[in-house]
Amino acid sequence: VWSSWTDAWSAGTDGAAVAIALPESGTVWVCDGTFFVQVSMTAGSVEVAAVQGGATLSGGGEGSVVTVSGGELVLAGLTIEGGAGSGIPARGGGVRVTGGSVTVDGCVVRDNVAVHGGGLAVTAGSAIVVGTELAGNSATNGGGWYQSEGTLSFEDVLVEGNVATDGGGGYFHRGTFGALGLVAIDNAATATGGGIRANRAFGLTDSHLEGNTAADGGGIYFGGTSGTVSLLTSLLYDNEATGAGGGVYQAAGTLTCVGT
C-alpha cells in the first residue's frame, strides 16, 4: 500500500491531479514540494501531515483538493490550494466535508474557487479549524468558507482577502457554527456580508473583523428570520457598506454585544 502511495505522490507532481484514496488508519507524511492530488477520505482514522513547512497539496484547478465523506481525518501543517470544488454545484475548492469529521490544524487554505465555499464547504458531518489561514479564495457564496449543515467551529483562524457575491469571508446558511479568536480582514462581497453572511444564529468570541466590504453588512450580514447573533469581547472596525450596515446589518432576530 505504501509503495503505491509513493508512486501516486510522485506522479502528482507534474500538474495533473492524481486521485488518492486514503487508507483507514495511520499517518501520511508529506514532504516539501507541491503535489497535484484529489484526496478522499471515506472511513477510518487518518492524519495527513507535513514533515516540515513546505508541503503543498494542489488540485490543479480540478475538483476539491480534499473530500471527506466519512471517518476522521486530520490535516496538519499543509498548504491546500488550486482546488475548484466538486459536486453540483461545485463546493469546497480546498476542503469539502459531506460526512464524517475533519480537523484542519495549522494549515493554509488559499487560492481555491467554487460556487459554495471557495476554501472550505461543510454540507454534513463536522469540521474543526484551528490555527489555520483561509486566504485568497473565491466563490459565489462564501469565499473563505460555506456551511449548509453539520457543525463547524473556528479557533484562532485568519480569514483574509476572500471574495464572493454573498459572504466574502464566509457564509453560514444552516447547522451549528461558532468561532473563538476569529480574525476576518479585507474580505469583500459584492452583495451581502463582507466578513460573514449568516442565516442562522451564531456566536463570535474574542474575534476581530476589520476592513471588510459589501453592499449591505460590511462586517456581518444577518439575514435569518429569528435567533441571536452573539458578539462577545470582539472588535468590528473600519468595515464598510455602500448600502446599509457598515459594521452589522441585522434583517431580523436579536443582536447581543458584550464587551464589543
Side-chain angles (χ1 to χ4, degrees), residues 58-59 61 63-67 79-87 89-97 102 104 107-123 127 129 132-150 152-154 157-175 177 179 182-200 202 204 207-223 236 238-243 245-249:
S58 174
S64 302
V65 183
V66 179
T67 297
T79 296
I80 299 171
E81 65 182 24
S86 298
R91 296 180 175 91
V95 180
R96 181 171 68 122
V97 185
V102 63
V104 184
C107 294
V108 176
V109 183
R110 68 185 184 193
D111 301 331
N112 302 281
V113 300
V115 176
H116 297 318
L120 165 71
V122 180
T123 60
V129 185
T132 286
E133 179 180 342
L134 304 175
N137 303 287
S138 62
T140 302
N141 296 314
W145 86 89
Y146 176 86
Q147 181 186 3
S148 61
E149 292 290 355
L152 174 62
S153 66
F154 285 169
V157 172
L158 173 64
V159 179
E160 181 177 11
N162 303 282
V163 297
T165 302
D166 293 289
Y171 193 124
F172 170 46
H173 181 48
R174 278 193 308 263
F177 169 69
L182 168 67
V183 177
I185 57 175
D186 297 334
N187 302 285
T190 56
T192 62
I196 299 173
R197 161 71 192 246
N199 294 342
R200 295 292 189 276
F202 73 98
L204 302 180
S207 295
H208 183 152
L209 280 72
E210 179 178 349
N212 303 289
T213 61
D216 292 316
I220 298 171
Y221 182 100
F222 182 49
L236 278 75
D238 200 27
N239 301 285
E240 295 184 4
T242 56
V248 179
Y249 182 98

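Note that the OG1 atom of Thr79 and the CD atom of Glu133 stand 9.0 Å from one another [nearest 0.5 Å]. Atom CG of residue Asn199 and atom NE2 of residue His173 lie 6.0 Å apart, to the nearest 0.5 angstrom. Between the CD atom in Gln147 and the CZ atom in Arg200 there is a gap of 11.0 Å [rounded to 0.5 Å]. Separating the OG atom in Ser207 from the CD1 atom in Ile196 is a distance of 7.5 Å, to the nearest 0.5 Å.
Val157 is not listed as a side-chain neighbour of Val104, based on a closest heavy-atom distance of 4.5 Å or more. Side-chain contact between Val248 and Leu236 is present, with heavy atoms from C-beta onward closer than 4.5 Å. A 4.5 Å side-chain heavy-atom check between Arg91 and Thr123 finds at least one atom pair inside the cut-off. Within the 4.5 Å cutoff, no side-chain heavy atoms of Val109 are placed close to those of Leu120. Considering only heavy atoms from C-beta on, Leu152 comes within 4.5 Å of Val129 through its side chain. In this structure, Ile220 and Leu209 have side chains that are in contact, with non-hydrogen atoms separated by less than 4.5 Å.
Within the structure, salt bridge (charged side-chain N to carboxylate O under 4.0 Å, His left out) contacts touching residues 185-195 (residues at least two apart or in different chains) do not occur. Contacts classified as salt bridge (charged side-chain N to carboxylate O under 4.0 Å, His left out) and involving residues 134-146 (residues at least two apart or in different chains) are not found.
Gly143 and Ala164 make their closest contact through N-CB, 3.5 Å (heavy atoms, listed as atom of the first residue, atom of the second, distance). For the residue pair Ala214 and Gly194, the shortest heavy atom distance occurs at CB-N, 3.4 Å. Residues Ala241 and Asp216 approach most closely at CB-CA, 4.3 Å, considering heavy atoms. Pairing each heavy atom of Ala139 with each of Gly117, the nearest pair is CB-N, 3.9 Å. Nearest approach of Ala114 to Gly85, heavy atoms of both residues: CB-CA, 4.3 Å. Minimum heavy-atom separation, Ile80 to Gly94: CG2-O, 3.7 Å.
Using a distance-only test at 3.5 Å, with no hydrogens or angles considered, a donor-acceptor pair links the side chain of Asn187 to the main chain of Asn162. Asn112 places a side-chain N or O within 3.5 Å of a backbone atom of Gly82 that can act as its donor or acceptor partner. At least one donor-acceptor pair under 3.5 Å links the side chain of Ser64 to the backbone N or O of Gly92. Distance alone, capped at 3.5 Å, places no donor-acceptor pair between the Asn212 side chain and the Gly219 backbone. Without hydrogens or angle criteria, Asn137 side chain to Val163 main chain gives no donor-acceptor distance under 3.5 Å. Here the side chain of Asp238 pairs no donor or acceptor atom with the backbone of Gly211 at under 3.5 angstrom. Using a distance-only test at 3.5 Å, with no hydrogens or angles considered, a donor-acceptor pair links the side chain of Thr132 to the main chain of Cys107. In this structure, Ser86 contributes its side chain and Arg96 its backbone to no donor-acceptor pair below 3.5 Å.
Phe154 and Phe177 have perpendicular rings, their planes meeting at more than 60° on a 0 to 90° scale where under 30° would count as parallel.
Side-chain polar atoms of Asp166 and Thr192 form a donor-acceptor pair below 3.5 angstrom.
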For the pair Thr213 and Asn239, evaluate side chain to side chain contact (heavy atoms under 4.5 Å, CB included) and give the outcome as yes or no after the intermediate values.
CA-CA 6 Å; Thr213 61; Asn239 301 285; over 6 Å; no
Determine, step by step, whether Val108 and Leu134 satisfy the side chain to side chain contact (heavy atoms under 4.5 Å, CB included) criterion, reporting the C-alpha distance in whole Å, the side-chain angles of both residues, the deciding distance to 0.1 Å, and the verdict.
CA-CA 6 Å; Val108 176; Leu134 304 175; over 6 Å; no
Quick one, Val65 with Val95, criterion side chain to side chain contact (heavy atoms under 4.5 Å, CB included). Give me CA distance, side-chain angles, the key distance, then yes/no.
CA-CA 6 Å; Val65 183; Val95 180; over 6 Å; no
So Trp145 and Val122, side chain to side chain contact (heavy atoms under 4.5 Å, CB included) or not? Walk me through it.
CA-CA 8 Å; Trp145 86 89; Val122 180; over 6 Å; no
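Every salt bridge (charged side-chain N to carboxylate O under 4.0 Å, His left out) that Glu149 has, sequence neighbours left out, goes to Arg174.
Checked against Tyr171 for a ring pair (Phe, Tyr, Trp, His ring centres under 6.0 Å), the options Phe202, Tyr146, Tyr221 give a single hit: Tyr146.
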